[in-house]
Visitor: 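This is the structure, below, for whatever I ask next.
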There are 2 protein chains.
Amino acid sequence: MPAIGCIPPPSPLICRQTRLTRARPPDIRGRMPDGVASDTICRAADDATAADRLFAAVGELILSGAIEQGAKISEPDLAARFGTSRAPLREALRRLEERKLVTRIAHQGARVTRLCPERIAEIYQVREALEGIAAREAARHMPEAAIAELRRLLDLHEARVTAHDVYRQGSEDDDFHFRIIRGSGNQMLIRLLLDEYYLLIRLLRRKLSRPGGLAQRALVEHRRVLDAIAERDPELAEAMMRRHIAAAFDRLRQAMVVPNPAPRPRKEDKA
Amino acid sequence: MPAIGCIPPPSPLICRQTRLTRARPPDIRGRMPDGVASDTICRAADDATAADRLFAAVGELILSGAIEQGAKISEPDLAARFGTSRAPLREALRRLEERKLVTRIAHQGARVTRLCPERIAEIYQVREALEGIAAREAARHMPEAAIAELRRLLDLHEARVTAHDVYRQGSEDDDFHFRIIRGSGNQMLIRLLLDEYYLLIRLLRRKLSRPGGLAQRALVEHRRVLDAIAERDPELAEAMMRRHIAAAFDRLRQAMVVPNPAPRPRKEDKA
DNA sequence: TGCCGGCATTGTGTCGACACTCTGCCCGAT
DNA sequence: ATCGGGCAGAGTGTCGACACAATGCCGGCA
């Protein structure tokens, strides 16, 4: 039973600058939460296939909010807008579907996934478990150097937070989490969280006003997680991370109820 | 902020009998571990698109071992074998890729994912966390009726196990887990585990001889999980489930080392 | 005899076109 | 006036074909 090369392509994913046709100025603003994920998941999307580029571009379009949640996605439209045929676009949509960013119904088309509160709660439940594992494994495998670097990062965050009391658009928050996830060394987990779950988290962040004023709190929790990892205490790290995620969700939920009492429209279209 | 319909299509997936062309006898044996998942994930794949049918068929081909792990998948070949064009096959492959059953490299083709021991360990780590959550939530949300039914199922298993001392091909084992996962009521979790992770688990089960003689042990663990759920004790349920998965992995790992010292061929082709 | 470069072949990525399905609109009937 | 059926339009699913990339083979050269 041979068992060697597994999952070689580390991650095809949403990248920063993504052009579409080989020689064309960037018409899509594929901005990433600066300095965050650009180095994480990206692969040079330059010599990649059109489908890859479209996957990245459309993904970014969705995550950036350029295409609203629930909006229908017309294949001919989008393909034309990108100057490609439908084939690569369909591939991109299919991959986005698997990552749950779009929902497709046969003979009816694709639309951007709409996240309801129940689904958001579920996402956070799963995220809690997964990042708990990540923290646990990071406590086991994360190199000392990475830990030190992460500590410096948190110091930097603290400086910013005391100045503005806000984790800028969640990108710094993500940065912290990404590093721990990568620190786990668990390839399956890394792929699952970075390639799939964080897309959903970024998506739901779009529709939720970030609860400001609590960055200080999050920072404290981050420090606790990091301390546990630095002490090489897997159980504690897991517990702290889980508690942090749970707390973050609590904060999120409170922000969720306020702005929107209960408007429940049934149908609407047009992208 | 409207937020209503999310993730409507419960699950397109590997089904039992899957025909390809509308009117053609089933040339692909799409057998499921009988009586297990047939009711879980399936959707009548009859009026579905060719891509859906191919997705199910090729998936089953892989899971059944008809296409070996690491084997190359030639698009023209497979398409011809199924009497379709490459377009729907490519869609199927792409979806299988997202589910990590096949690995594709641009301009080079797709091959069945090969699971190395490290990856298997990672899968079990993640599975432990996810099914832990599932058990926890099942303790909260699973209907009494379902619990009672599950108890009867375990009684049935016990009868079989005392007779043969083996969980038949893992299908009964899966049945137990599936019910708990579904009992969690967490749609995201259900999709993640059933649509994605259990495919991998079935795949790795193919390459690992099932450690017989330990069914009794697994059954005891199953009962503990169920008891905790019946007592509506989420924490205990989670702990028991995690322990069960961890123990199952231990058993698996022992089975992993024995039959295969270290043959490591580098390359081979042909499906 | 072994290594390197060119060539043919295979196969993937992409394209344009067609068929069938679904949606929305218009019209006639009740 | 409202409801049901038919029709047109749009859109998705599928197909066959082509271009470029990658692989493997063959011959030339050291």
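The chains referred to below are lettered A, B, ... by the order of the sequence lines, with proteins before strands, and numbering in each begins at 1. Since this is a predicted model, take the numbers as computed values, not measurements.
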Visitor: Is it true that B:Arg119 and B:Glu122 make a salt bridge, defined as a side-chain N closer than 4.0 Å to a carboxylate O?
Guide: yes
Visitor: Got a donor-acceptor pair under 3.5 Å from the side chain of A:Arg86 to the base of D:dG11?
Guide: no
Visitor: Once you round it to whole Å, what is the distance between P of D:dT12 and CG of A:Leu93?
Guide: 9 Å
Visitor: Just the rounded figure in Å: distance from C1' of D:dG11 to NE2 of A:His107.
Guide: 11 Å
Visitor: Starting from C1' on C:dT12, measure out to CG on B:Asp77 and report it in whole angstrom.
Guide: 13 Å
Visitor: Where the side chain of A:Ser74 is concerned, which of D:dG16, C:dG13, D:dG11 is the nearest nucleotide?
Guide: D:dG11
Visitor: For C:dT12, does OP1 or OP2 lie under 4.0 Å from any side-chain N or O of B:Lys72?
Guide: yes
Visitor: Rounded to the nearest angstrom, tell me the gap between atom CD in A:Glu75 and atom C1' in C:dC15.
Guide: 14 Å
Visitor: Between B:Ile73 (CD1) and C:dT12 (P), how many Å, whole number?
Guide: 10 Å
Visitor: May I have the distance from B:Gln108 (atom CD) to C:dT9 (atom P), rounded to whole angstrom?
Guide: 22 Å
Visitor: Closer than 4.0 angstrom, basic N to acidic O: yes or no for B:Glu196 and A:Lys100?
Guide: yes
Visitor: For the residue pair A:Tyr198 and A:Phe178, categorise the inter-ring angle as parallel (less than 30°), tilted (30 to 60°) or perpendicular (more than 60°).
Guide: perpendicular
Visitor: Look at A:Glu60 together with A:Arg202 and state whether they make a salt bridge at an N to O cut-off of under 4.0 Å.
Guide: yes
Visitor: Using whole Å, what does the distance between atom C1' of nucleotide C:dT14 and atom CZ of A:Arg94 come to?
Guide: 13 Å
Visitor: Please determine whether a side-chain nitrogen or oxygen atom of A:Arg104 lies at a distance below 4.0 Å from atom OP1 or OP2 of D:dG13.
Guide: yes
Visitor: Could you check which of C:dC15, D:dC15, D:dG11 has an atom nearest any side-chain atom of B:Ala87?
Guide: D:dC15
Visitor: Closer to the 5' end of DNA chain C via nearest nucleotide, is it A:Glu91 or A:Ala106?
Guide: A:Glu91
Visitor: Give a yes/no on whether any side-chain N or O of B:Arg90 is located under 4.0 angstrom from OP1 or OP2 of C:dT12.
Guide: no
Visitor: Salt-bridged, A:Glu98 to A:Arg94, with N to O below 4.0 Å?
Guide: no
Visitor: In whole Å, I'd like the distance from the CZ atom of B:Arg111 to the P atom of D:dT23.
Guide: 10 Å
